[in-house]
Amino acid sequence: MASMDFLNTAEPVKAPVVRTLPAAEKPSLIGLSREDMGRALAEKGIPERQVKMRVSQLWHWLYVRGVSDFDDMANISKDMREMLKKHFTIARPEIVEEQVSADGTRKWLLRFPPRGAGRPVEIETVYIPEEGRGTLCISSQVGCTLTCSFCHTGTQKLVRNLTAEEILAQLLLARDRLGDFPDRDTPAGMIAPAEGRKVSNIVMMGMGEPLYNFESVKTALLIATDGDGLSLSRRRVTLSTSGIVPEIYRTGSEIGVMLAISLHAVRDDLRDMLVPINKKYPLKELLDACRAYPSLSNARRITFEYVMLKDVNDSLEDAKLLIQLLKGIPAKINLIPFNPWPGTNYQCSDWEQIERFADFINQAGYASPIRTPRGRDILAACGQLKSESERMRKVDRMAFEAMMIVGHGEDD
């Protein structure tokens with residue numbers, strides 16, 4: 001986000017051969033709740049007395065073993081596998097391109113079928129390896145409706161919501177590529193945590209506003225945190241929102257994951273400009289919803305994202321107001337140096353000013369890490385996501401908000 005040039009120096013990685021959806025699209029079993037999967041099987045003739053057992057088998061193969069081919073389901077009869085292949089799919093999305101940064105950040109450009117949008121759509125998913133953890137940034141929409149003035153993603157109109165299947169598919173594909181399922185090896189040369197899971201944390205911080213696609217996001221995250229499947233801890237899953245207040249309450253009661261707020265301003269007049277949804281849900285309503293979020297504590301803090309914009313929101317007066325605004329909320333404040341994108345009028349705050357801002361917040365008792373840029377050489381830095389669904393010149397195509405990705409979720 002700073003005023004600096006980016007060099008797209010990373011060479012694209014040749015995408016593997018993947019099983020993609022055929023032209024005559026079949027419904028996917030991925031992303032269905034157990035109940036919906038059971039109904040889908042019953043509709044295809046599975047006897048009622050077998051449905052629960054078959055769902056349990058499929059759940060294990062899909063989410064514990066990570067298979068993407070029915071023929072790999074060893075304890076399911078051949079006739080059953082043929083029936084499943086005839087009526088359903090468990091295929092991964094197509095990898096259009098994979099890029100790898102010198103720091104280990106990986107960016108996948110994924111293509112999904114039309115699903116009523118009139119054409120295939122593409123989104124980007126970013127993986128960031130850190131010390132002791134690996135964080136995956138997942139998209140919830142193709143495009144965005146929020147038009148935040150500093151965010152490149154907001155310049156792409158909303159094409160459609162992603163389904164629960166497509167949200168989960170990003171996680172499954174990343175684990176495929178990283179060798180993060182049982183009996184699979186991490187590819188040589190891949191930077192990933194040496195022990196434990198390669199994808200230990202996920203953040204809903206990719207393209208789109210997750211809470212404008214609440215039902216699909218809810219279904220996907222409940223499957224991702226299901227103890228008999230992908231089994232991610234809710235404390236390692238973070239949902240980021242620009243402030244859709246009614247759904248913040250629902251997120252706390254119905255999903256129960258960690259919460260991050262794209263704040264970026266401490267006055268309504270400025271936030272109205274930077275984050276226009278503030279006109280509908282102003283700061284007081286937003287922070288009331290944060291204070292009411294379940295199970296808040298020093299171990300379960302809300303993260304407030306704050307992009308540092310020179311002479312816009314970076315004064316010490318802004319820092320003072322920020323402390324006053326968050327009083328009584330267990331919080332961490334991520335300070336994000338602004339990354340440029342073509343056509344923006346904003347500049348990054350001077351580094352000395354960012355440090356002064358951070359020091360003031362630290363002295364008030366709040367953690368305020370300054371996010372280190374990640375993946376710059378593959379254009380995977382904060383505020384710059386724009387997919388190939390609205391194709392730009394390749395040198396200008398921006399990817400995910402990688403500085404926002406790191407450090408989210410607990411290390412339990």
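Quick caveat, the model's predicted, so the values are computed rather than measured.
- A 4.5 Å side-chain heavy-atom check between Leu309 and His264 finds every atom pair outside the cut-off.
- Asn161 places none of its side-chain heavy atoms less than 4.5 Å from the side chain of Tyr212.
- With Ser139 contributing its side chain and Gln141 its backbone, the two residues share no donor-acceptor pair below 3.5 Å.
- No donor-acceptor pair closer than 3.5 Å links the side chain of Thr303 to the backbone N or O of Lys332.
- Comment: Lys310 engages Asp350 in a salt bridge, judged by a side-chain N to carboxylate O separation of less than 4.0 angstrom.
- When atom types are taken as modelled, the side chain of Asn213 and the backbone of Pro210 share no donor-acceptor pair closer than 3.5 angstrom.
- Considering only heavy atoms from C-beta on, Ile202 comes within 4.5 Å of Leu221 through its side chain.
- Within the 4.5 Å cutoff, the side chain of Ser315 has heavy atoms near those of the Asp318 side chain.
- Distance check, rounded to the nearest 0.5 Å: CG of Leu110 to CD1 of Ile95 gives 6.5 Å.
- Salt bridge Asp176/Arg184: present, at least one basic N to carboxylate O contact under 4.0 Å.
- Comment: Arg34 engages Asp226 in a salt bridge, judged by a side-chain N to carboxylate O separation of less than 4.0 angstrom.
- Ring to ring, Phe357 and Tyr306 are close: their centroids are under 6.0 angstrom apart.
- Using a 4.5 Å heavy-atom threshold, the side chains of Leu230 and Leu168 count as touching.
- Counting all heavy atoms, side chain and backbone alike, Leu326 lies closest to Arg291 at C-NH2, 4.2 Å.
- In this structure, the side chain of Asp268 does not engage the main chain of Pro282 through any donor-acceptor pair within 3.5 Å.
- At a threshold of 4.0 Å, the pair Arg39-Asp36 counts as salt-bridged, since one of the basic side-chain nitrogens sits closer than that to a carboxylate oxygen.
- Side chain of Arg271 to backbone of Ala265: no donor-acceptor contact under 3.5 angstrom is found.
- Contact annotation: the side chain of Lys26 never approaches that of Phe88 to less than 4.5 Å [non-hydrogen atoms, C-beta and beyond].
- When all heavy atoms are compared, the tightest approach of Ile277 to Ser242 is CG2-O, 3.6 Å.
- Between the CG atom of Leu239 and the CZ atom of Arg234 there is a distance of 13.0 Å, given to the nearest 0.5 Å.
- Glu209 and Ser140 are not linked by any side-chain donor-acceptor pair at a separation below 3.5 angstrom, with hydrogens and angles left out of the test.
- Closest of all the heavy-atom pairs between Ile370 and Pro337 is CG2-CG, 4.0 Å.
- To the nearest 0.5 Å, atoms CD1 (Ile248) and OG (Ser253) are separated by 12.0 Å.
- Closest of all the heavy-atom pairs between Val217 and Met204 is CG2-CE, 4.3 Å.
- Enclosure of atom NZ in Lys52 is not indicated, since only 12 or fewer non-hydrogen atoms of other residues, nucleotides or ligands lie within 6.0 angstrom.
- Side chain of Glu130 to backbone of Thr135: no donor-acceptor contact under 3.5 angstrom is found.
- Atom CG of Leu84 is separated from atom CD1 of Ile46 by 7.0 Å, given to the nearest 0.5 angstrom.
- Using a 4.5 Å heavy-atom cutoff, the side chains of Pro93 and Trp108 are not in contact.
- A side-chain donor-acceptor contact under 3.5 Å links Asp180 to the backbone of Val199.
- Looking only at distances, no side-chain donor or acceptor of Thr105 sits under 3.5 Å from a matching main-chain atom of Ile128.
- The side-chain heavy atoms of Thr125 and Leu173, taken from C-beta on, include no pair separated by under 4.5 Å.
- Counting all heavy atoms, side chain and backbone alike, Leu259 lies closest to Thr238 at C-CG2, 4.3 Å.
- The two residues Leu316 and Gln353 have their closest heavy-atom pair at N-NE2, 4.1 Å.
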